[in-house]
Amino acid sequence: RAKELKGFDDTKVGVKGLVDAGVVNIPRIFIQPSEELAQELITHWSNLQVLVVDLGGIRHNKLEDIVDQFYTRYPTRSIKFNCNFDLYFSRIASWRDMLGIYNFDINSLDPNQLPEVCRYKLYPYTTMAHMKEVRKLGETLFGILSVALGLEPEYLKGMGCSNGYDFVYNYYPHCPQPKLTLGAQGNSDPSFLTILLQDQIRGLQVLSNDKLKSVDHRVVANKHASPRVSVACFFAGHATTVSPLP
């Protein structure tokens, strides 16, 4: 399996490259064991219904330009593109490509450091403006969560929960065998808070528990002809010391 993983990774084409090449049968590294898929089918997942935003302006054909300059797995790179950030560590690969912008200060980030396609204006915001708006939204939500927990409105922000954030742009192209794999394996986010922007193509599913805690979620493989795109902002609170609430 290690040889198959490296062989795929060395192509630097991601799953989009496989789709563009006309692949009909997905590689074994993406195939979920049948017994695990059967278990997934009997697990109650809810299709999350949230406000969707038109991401149709994103130029999907520009991914090739991103690959040439940003495809890497070096942990020290703050901007990188690859297929599955955990490709060599997860049991099963997911059918998605991703561009990550990690551990950065929005006030000092030079837009020219971003891939060229991310500098275009996607109605109504540029990528930089979108990041700033999401950061403000996150700070507002931390205030609401603080009050919901019986704390002062600025408590979670004062702890540094909104200090650090990562943006991950997920690209889920059409999967020729969507019943054999997933767009993202079931997991819960390690961040304090995640804000997700997604397009009209549904795929995110969550296990709801009606509590203020991170819930398990997954993304089904995209069976549609058009690619699914989502943007996740993880408020990770980099360098924040976590202690019990009073």
Side-chain angles (χ1 to χ4, degrees), residues 40 42-55 78 85-86 94 96 98-109 122-170 172 182-220 228-246:
E40 289 280 356
I42 64 175
T43 301
H44 178 67
W45 295 86
S46 299
N47 287 308
L48 185 63
Q49 300 297 317
V50 297
L51 176 66
V52 295
V53 178
D54 184 8
L55 296 179
S78 59
F85 71 93
D86 57 350
S94 299
R96 67 168 172 176
M98 53 202 305
L99 171 69
I101 305 175
Y102 303 100
N103 195 14
F104 67 96
D105 180 356
I106 189 65
N107 296 315
S108 61
L109 180 64
L122 304 177
Y123 181 83
Y125 299 118
T126 62
T127 298
M128 291 288 291
H130 168 253
M131 290 178 177
K132 292 178 180 179
E133 291 297 319
V134 171
R135 182 189 62 178
K136 289 194 296 185
L137 174 60
E139 292 175 349
T140 299
L141 291 174
F142 276 122
I144 295 173
L145 290 173
S146 294
V147 173
L149 293 169
L151 305 169
E152 292 298 320
E154 297 295 314
Y155 192 91
L156 292 177
K157 183 179 177 181
M159 282 181 58
C161 293
S162 61
N163 282 352
Y165 35 86
D166 304 322
F167 277 83
V168 175
Y169 297 76
N170 297 297
Y172 304 91
L182 290 170
Q185 304 293 325
N187 69 96
S188 60
D189 296 334
S191 54
F192 284 106
L193 176 69
T194 302
I195 296 178
L196 181 72
L197 170 68
Q198 60 179 350
D199 63 12
Q200 291 91 342
I201 299 179
R202 298 177 181 178
L204 177 67
Q205 297 180 327
V206 300
L207 267 177
S208 177
N209 56 12
D210 298 320
K211 297 178 181 179
L212 284 176
K213 63 181 293 186
S214 181
V215 297
D216 288 334
H217 59 276
R218 70 178 184 185
V219 179
V220 296
R228 178 179 184 267
V229 178
S230 69
V231 183
C233 176
F234 301 96
F235 287 85
H238 297 308
T240 297
T241 300
V242 180
S243 58
L245 296 175

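Just the heavy atoms: all of them, side chains too, but no hydrogens, waters or symmetry mates, feed the values below.
C161 places none of its side-chain heavy atoms less than 4.5 Å from the side chain of L193. Inter-residue side-chain proximity for V231 and V134 is flagged as unmet; no heavy-atom pair is nearer than 4.5 Å. Side-chain contact between R228 and R96: absent, with no pair of heavy atoms (C-beta onward) separated by less than 4.5 Å.
Looking at residues two or more places apart in sequence or on another chain, you find no salt bridge (charged side-chain N to carboxylate O under 4.0 Å, His left out) involving K132.
For the pair L151 and Y155, the tightest heavy-atom approach, listed with the atom from each and the gap, is CD1-CD2, 3.6 Å. Across M131 and I101, no two heavy atoms sit closer than the pair CE-CD1, 3.3 Å. Of all non-hydrogen atoms in S162 and F235, the two that sit nearest each other are CA-CD2, 4.0 Å. The two residues Y172 and G183 make their nearest non-hydrogen contact at CE2-O, 3.4 Å.
Going from atom CZ of R135 over to atom OH of Y165 covers 4.5 Å, rounded to the nearest 0.5 Å. Rounded to the nearest 0.5 Å, atoms OG1 (T140) and CG (L145) are 11.0 Å apart. Distance check: H130 NE2 to C233 SG gives 8.0 Å after rounding to the nearest 0.5 Å. Between I195 atom CD1 and F234 atom CZ the span is 11.0 Å, to the nearest 0.5 Å. We find the NZ-CD distance between K157 and E152 to be 14.5 Å, quoted to the nearest 0.5 Å. Here OG of S94 is found 10.0 Å from CG of N170. Values are rounded to the nearest 0.5 Å.
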Q: Would you check, one step at a time, whether the test side chain to side chain contact (heavy atoms under 4.5 Å, CB included) holds for F167 with L99?
A: CA-CA 8 Å; F167 277 83; L99 171 69; over 6 Å; no

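A salt bridge does not link E139 to K136: none of the charged nitrogens lies less than 4.0 Å from a carboxylate oxygen.
Using a distance-only test at 3.5 Å, with no hydrogens or angles considered, a donor-acceptor pair links the side chain of S146 to the main chain of L156.
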